[in-house]
Amino acid sequence: MKISSTYTVALQLLLICKHYENEKITSGFVSRKIGADPALIRRVMTDLKNKNYIESKPGPGGTTLKKELSKITLYEVYKTVTNDDDQVLKFYDMPTDASIFEKSIQRVAYESFSKYIESFYTELKSHTVMDIYNQLSI
């Protein structure tokens, strides 16, 4: 697990689609609003489109929400744009002569952080993108 910029871009993109729903939303438009590279935005748009959260039409069409923000959890967005191979704790392979102490460090840290990560996921599952939208001062 890693909270990368793709997650924050995805959240911002969904929020922008809601707020600017009457305007033509393109990767360039979003880029000007949040400062991310248009290529990254297009990649995130593809991920969100594959999950049917947005609809994107080439040319004059632009991008629109396909699913209500109140039906999209923060966890769903996270899983959509995050690589499953990402990890919070990434250890090097243990040397063959590692002692029980060194092996215990990895085991205990992994077990502890697994609980913290699960708690994080539970929290993300209990909130929607609309929860964030509703907190914006517009």
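Computed from heavy atoms alone, side chains included, the values below leave out hydrogens, waters and symmetry copies.
Across Thr128, Asp131, Ile132, a single residue satisfies side chain to side chain contact (heavy atoms under 4.5 Å, CB included) together with Leu74, and that is Ile132.
The heavy-atom pair separating Val81 from Ala10 by the smallest distance is CG1-CB, 3.9 Å.
Between Tyr78 and Tyr7, the ring-plane angle classifies as perpendicular under the 30° and 60° cut-offs.
A donor-acceptor pair under 3.5 Å links the side-chain atoms of Ser31 to the main chain of Ala36, judged by distance alone. Checking side-chain atoms of Gln106 against main-chain N and O of Glu102 turns up no donor-acceptor pair under 3.5 Å. Put simply, the side chain of Lys49 gets close to the backbone of Ser56: a donor and an acceptor are under 3.5 Å apart. Side-chain atoms of Asn50 never come within 3.5 Å of backbone atoms of Asp47 as a donor-acceptor pair (strictly under, hydrogens ignored). At least one donor-acceptor pair under 3.5 Å links the side chain of Ser114 to the backbone N or O of Tyr110. Looking at Ser126, its side chain does come within 3.5 Å of a backbone N or O of Glu123 through a donor-acceptor pair. A donor-acceptor pair is defined here as one N or O able to donate and one able to accept, closer than 3.5 Å; such a pair exists between the side chain of Arg32 and the backbone of Gly28. Side chain of Ser27 to main chain of Ile41: no donor-acceptor pair is present (N/O by atom type, distance under 3.5 Å, no hydrogens or angles).
Salt-bridge formation is detected for the pair Glu111/Arg107: a Lys NZ or Arg NE/NH1/NH2 atom is positioned less than 4.0 Å from an Asp or Glu carboxylate oxygen.
The CG atom of Leu13 lies 10.5 Å from the CZ atom of Phe29; values are rounded to the nearest 0.5 Å. The CE atom of Met130 sits 9.5 Å away from the CG atom of Leu15 when rounded to the nearest 0.5 Å. With rounding to the nearest 0.5 Å, the separation of NZ in Lys71 from CG in Leu65 is 13.5 Å. His127 NE2 to Thr122 OG1: the interatomic distance, rounded to the nearest 0.5 Å, is 10.5 Å. A distance of 13.0 Å separates OH of Tyr133 from CD of Glu68, quoted to the nearest 0.5 Å. The distance from the CG atom of Leu40 to the CD1 atom of Ile34 is 7.5 Å, given to the nearest 0.5 Å.
A 4.5 Å side-chain heavy-atom check between Met45 and Ile54 finds at least one atom pair inside the cut-off. Residues Leu124 and Thr73 have side chains not in contact (no heavy-atom distance under 4.5 Å, counting atoms from C-beta outward).
For Leu136, the CG atom sits in a packed shell: over 12 heavy atoms of surrounding residues, nucleotides or ligands are nearer than 6.0 Å. For Lys67, the NZ atom is densely surrounded, since the number of other residues' heavy atoms within 6.0 Å is greater than 12.
Residues Val77 and Ile117 are members of one and the same hydrophobic cluster, defined by side-chain heavy-atom contacts under 4.5 angstrom among Ile, Leu, Val, Met, Phe, Trp and Tyr.
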